[in-house]
Amino acid sequence: MTETAHSPAEIRRPPRRGLAGVRLGSVAGFEISLDYSWFILFFLILATFTGAVFPASVPDLSRLEYLLMGVAGTLLFFSSLLLHELAHSFVARWKGIRIEGITLFIFGGMARTAREASTAGDEFLIAVVGPVTSFLLAAVFYGIAAASVRLGLGDPVSAVAAYLGLVNLALAIFNLLPGFPLDGGRLLRAAAWRVTGSLRGATRIASASGRFMGWAITALGVFSLFAGGGLIGGLWMIFIGWFLAQAARVSYQQLLLQEILSPLAARQAMSPQPETVPPDVSLEELVHDFFLRRPFSSFPVVEDGVIVGLVTLGQLKTLDRENWAHKRVSDIMSPVEETVIVGPDTPMSSVLSMMREGGSSRVLVATNGRLLGIISTSDITRWLDRVGLVE
Ligand SMILES: [Zn+2]
């Protein structure tokens, strides 16, 4: 797959995207992580390679040999995917765009960029290098398979290499489908952007094409189920088509959101006069009088009219229930120095990038330490719903 997250307004990432998983480490400064959903893909591919693909291509080997081929093939498959995403990441970094990380998940991989490309040309380069990398990998693997006899590599190695050639070829071609946010959809967007001069118009075209592509793949999946194609293959196409259609819709909405919010000041987007908590309240009271009675997951902590910190449901959950009676809000809150506070006239474009880069889901709006309002991911979600109504 591709990076679904070239879109700018990723502040909604924690609740919406739901990507959570295992950090693998970093390559050339890029953080690599595995989403929990990736493990499903891993075992599915390992099982397919070990149980079906390699026994069909090289008969009469032992179970252990098929397993070894399966493990090698699966690891090389994910390395190929990673190289595809790394290629996007290197070009994006070269074009001055920060990469927030590379995540492998159930539908493949994605490199999350901190912002949109500045020009259609940059967008084109960042998108095209992924499929180019996959084509090159296909050529390398096919080359190894073709030369395996001369190199004395044996049938198992040759079979694994040949299949990885095929997989990388398929990866390159699939990603070139002209539906946003696939690489091909990004190329389409870059072309439309160059022709029309409007990123928004170009994104609308590419997103419509992405939705169409998504539903077409879903329909093919349904057809293949009824036409007696494989159950897993059919279901897979339905899921991937649905995912693509959703991603195409959300990417466009996020771009609109960014465009609508960016010209506003913090005071126009905030929820004014939020409820606050005094620092000396016990955690028991905090739970019963605040969290259980209100739909909020955090409260600004205010003493004598001045902000002293922020307390969140997450901080409360780190503490055992028996400590609630004799601990106070001031014991667990994040102090004011660690809280993101902006002035009422701060442009929302800065607030959005602060939230994105700091990974914080709430920002306080204040003048001279006096609280005016709060901007949270749920406020932004509300804006997104309005955008959804407009569309
Ligand atoms: Zn890609």
Side-chain angles (χ1 to χ4, degrees), residues 1-8 10 17 19 27-28 30-35 37-38 41 45 76-95 97-117 120-141 164-193 202-203 206-207 209-210 213-214 217 236 239-241 243-248 250-252 254-255:
M1 264 298 272
T2 178
E3 61 305 336
T4 58
H6 279 164
S7 48
E10 272 196 291
R17 210 172 275 285
L19 286 178
V27 175
F30 301 115
E31 284 285 329
I32 317 278
S33 52
L34 300 174
D35 179 59
S37 69
W38 172 84
L41 181 64
I45 288 185
L76 285 168
F77 167 74
F78 285 111
S79 307
S80 301
L81 213 57
L82 206 55
L83 284 171
H84 175 116
E85 299 306 332
L86 278 169
H88 286 306
S89 306
F90 275 113
V91 176
R93 183 153 76 184
W94 170 45
K95 292 298 177 184
I97 300 171
R98 200 172 58 80
I99 299 293
E100 296 176 330
I102 296 175
T103 305
L104 297 181
F105 70 122
I106 190 162
F107 295 127
M110 59 172 141
R112 300 188 309 280
T113 51
R115 61 171 177 86
E116 296 281 356
D122 287 1
E123 169 87 346
F124 178 87
L125 287 178
I126 295 167
V128 81
V129 71
V132 166
T133 303
S134 296
F135 276 126
L136 287 176
L137 285 167
V140 168
F141 281 117
L164 277 157
L166 181 69
V167 164
N168 275 294
L169 192 62
L171 216 59
I173 292 170
F174 175 74
N175 274 295
L176 281 173
L177 288 178
F180 194 80
L182 293 174
D183 297 333
R186 292 184 181 283
L187 295 177
L188 174 67
R189 180 167 84 153
W193 187 0
T203 307
S207 159
S209 162
M213 218 49 88
I217 294 170
W236 198 254
F239 283 136
I240 216 161
F243 173 78
L244 182 59
Q246 294 303 311
V250 169
S251 316
Y252 181 54
Q254 286 184 335
L255 184 84

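Numbering of ligands and ligand atoms starts at 1, following listing order. Numbers here simply count residues along the sequence, with the first being 1. Atoms considered below: every heavy atom in the structure, side chains included; atoms not considered: hydrogens, waters and symmetry mates. A quick note: this is a predicted structure, and the numbers were derived from the prediction, not measured.
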Among all residues two or more places apart in sequence or in another chain, which pass the side-chain hydrogen bond (donor to acceptor under 3.5 Å, both in side chains) test with S80? N168
What N/O/S atom of D183 gets nearest to the Zn ion (ligand 1)? OD2
Taking side chain as C-beta onward, heavy atoms only, is L125 less than 4.5 Å from W94? yes
Determine the interplanar angle of the F30 and F90 rings, folded into 0 to 90°, and report it as parallel if under 30°, tilted if 30 to 60°, perpendicular if over 60°. perpendicular
Taking the Zn ion (ligand 1) as the vertex, what is the angle from NE2 of H88 to NE2 of H84, given to 10 degrees? 100°
Taking N, O or S atoms only and a limit of 2.8 Å, check whether E85 reaches the Zn ion (ligand 1). no
Residues which pass side-chain hydrogen bond (donor to acceptor under 3.5 Å, both in side chains) with S89, listed by chain and number, not counting sequence neighbours: none
